[in-house]
Amino acid sequence: MSSAEPIAEDRAPRGDRPPSQLRQLAAASIGNAVEWYDWYAYSFLAVYFADQVFPKGAGNSLVPLLSTFAVFAVGFFMRPVGGLLMGAVADRRGRRAALTLTILLMGGGSLLVALTPTYTATGVLAPVVLVVARLVQGLSVGGEFAASTTFLVESAGPGRRGLFSSFQYVSTTIGQLLASGTGALLATLLTERQMGQWGWRIAFLIGALLSLIGLWIRRGARETLPQALDSARANTPAAAQRADRPGLFEGLRRYPRQSLLICGITAGGTIAYYTWTTYLPTYAQVNAGFDKGDSLTVGTLSLVFFALLQPLGGMLSDRVGRKPLLLAFALGFTVLAVPLLHLVTDAFLSLLLVQCAGMVLLTGYTAVAAAVNAEVFPARVRAAGIGFPYSFTVALFGGTAPYVGTWFEQAGHPGLFPWYVAVLCLISFGVYLTLPETAHRELER
């Protein structure tokens with residue numbers, strides 16, 4: 001029996017040849033897009049279902065929206081747990097096993113959001129159901145980044161890790177586009193009252209169905225974990241394979257410096273990313289009186305632009321390195337975050353230009369983040385090593401961005417939020433200065 005046959009059997013029962021790099025890329029990207037559609041539908045439609053799930057407080061119309069974004073943040077704080085647990089599954093059982101589990105969890109969470117009762121009908125049970133759904137989705141998303149990042153980068157050929165890395169955010173952006181596009185279409189077809197009463201539920205039901213499609217697509221993926229492939233080729237006994245698997249906290253225990261490095265790399269990137277791709281439409285609505293429907297349209301147009309930029313940034317990093325792009329991103333946001341956000345008005349063109357300008361700067365981080373993170377750890381602990389510190393940092397700064405921004409507005413200090421973004425990007429700029437260049441090194445097994 002040739003050494004390729006066990007790999008083919010792991011990939012599919014038909015015994016075909018192992019899939020090409022293009023098919024590997026498609027399996028990760030399409031599944032990831034479906035996963036992130038489910039996640040982002042919540043933030044795009046929060047303004048419609050907030051009143052349904054949370055009661056208004058003492059005449060303050062911002063209370064339901066603030067409470068809804070607090071639940072958004074709660075989901076983020078499950079992401080480190082998901083990054084650790086699903087990352088451990090990816091390191092112990094293989095990337096495919098983790099990718100299958102994460103998309104099943106996401107579909108279940110999306111279905112639960114769609115079925116969330118109203119506060120009027122069930123009282124406190126309504127926000128409890130919503131919290132549980134977001135906890136399940138947070139667990140899934142935390143594991144998704146860990147597993148799909150390692151899978152993408154390990155599937156890349158020599159000199160193409162940056163390009164493959166960029167598809168992490170290409171597919172994430174496609175998921176956002178599906179979510180925002182669905183929201184915009186529903187907002188166009190339905191009245192404001194219908195959207196608030198039941199229209200928002202349609203988007204989450206669609207997400208649950210799309211998760212099943214993503215699950216089917218991922219069945220065609222080939223395992224990329226070197227240890228799993230080596231064990232398959234050598235017909236290693238199951239007991240020996242279990243003994244060789246890394247412990248749950250091995251990445252943190254053996255590589256503490258690398259874990260802290262992931263936090264520093266991520267802090268500025270995550271606050272800029274979630275501000276520009278998720279919160280900016282709501283920021284414009286709350287701070288500048290921007291129209292809800294128009295803000296979804298602007299978000300859709302800018303996300304298309306952002307998706308097109310990612311492969312260009314990834315290919316550029318394969319030529320000139322990751323570090324120049326990271327430095328340009330962090331310095332750009334440190335200097336420009338405050339003036340850009342202050343330029344947002346109720347005019348359609350102002351929001352579109354501000355969002356697209358931020359997307360250009362943001363590409364310096366998003367196009368290379370997966371490659372940079374994967375190049376920090378060896379394959380044995382790569383998924384869990386990335387998953388926990390990355391997801392913890394995203395939960396701390398990215399997941400709370402909508403809540404912090406809305407809280408600043410409620411407290412009467414909306415101008416402080418842009419400075420908050422700039423300071424975090426300055427911190428990451430300092431971290432990027434210390435990074436070694438890894439673009440042209442071999443990926444450690």
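Side chains included, hydrogens not; waters and symmetry mates left out as well; all remaining heavy atoms used.
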ask   = Where does the angle between the aromatic ring planes of Phe145 and Tyr390 fall among parallel (under 30°), tilted (30 to 60°) and perpendicular (over 60°)?
value = parallel
Side-chain heavy atoms of Ile217 within contact of Ile213, under 4.5 Å = yes
key: Spacing of Ser171 atom OG and Gln310 atom CD [to the nearest 0.5 Å]   = 10.0 Å
note = Gly162 and Ser317 have their tightest heavy-atom pair at CA-OG, 3.6 Å
task = Grab the two heavy atoms, one from Met195 and one from Trp200, that are nearest each other, plus how far apart they are.
result = O-CD1, 2.9 Å
query = Between atom OG of Ser350 and atom CG of Leu340, what is the distance when rounded to the nearest 0.5 Å?
reply = 11.5 Å
task = Identify whether the distance between the nearest side-chain nitrogen and carboxylate oxygen of Arg218 and Glu144 falls below 4.0 Å.
result = yes
ask   = Under 30°, 30 to 60°, or over 60°: which ring-plane class applies to Phe417 and Tyr420, parallel, tilted or perpendicular?
value = tilted
query = Taking C-beta and beyond as the side chain, do Met86 and Ser140 meet within less than 4.5 Å on heavy atoms?
reply = no
remark   = In terms of heavy-atom contacts, Arg161 and Arg441 come closest through NH2-O, 2.7 Å
query = Can you tell me how far OG1 of Thr434 sits from NZ of Lys323, rounded to the nearest 0.5 angstrom?
reply = 7.0 Å
inquiry  = Return the OG1 to CD1 distance between Thr393 and Ile271, rounded to the nearest 0.5 Å.
reply    = 12.0 Å
key: Interatomic spacing from CG in Leu316 to OG in Ser166 - rounded to 0.5 Å   = 11.5 Å
task = Check whether the ring centres of Tyr169 and Tyr273 lie less than 6.0 Å apart, and answer yes or no.
result = yes
query = Side-chain contact, heavy-atom cut-off 4.5 Å: Pro311 with Val170?
reply = yes
key: Sub-4.5 Å side-chain heavy-atom contact between Leu435 and Ile265   = yes
query = Are the ring centres of Tyr42 and Phe49 closer than 6.0 Å?
reply = yes
inquiry  = Just so I know, are the side chains of Leu326 and Tyr365 near enough to count as touching, which here means a heavy-atom distance under 4.5 Å?
reply    = yes
key: Interatomic distance, Leu352 atom CG to Asp294 atom CG [nearest 0.5 angstrom]   = 11.0 Å
ask   = Do you see a donor-acceptor pair shorter than 3.5 Å between the side chains of Asn373 and Thr149?
value = no
task = Assert yes or no for the condition that the ring centre distance of Trp419 to Phe408 is strictly below 6.0 Å.
result = no
message = So Tyr255 and Val376, do their side chains get closer than 4.5 Å, heavy atoms only?
response = no
key: Nearest non-hydrogen partners of Gly269 and Ser428, listed with the distance   = N-OG, 4.5 Å
ask   = Mind checking whether Phe329 and Tyr432 have side chains closer than 4.5 Å, heavy atoms only?
value = yes
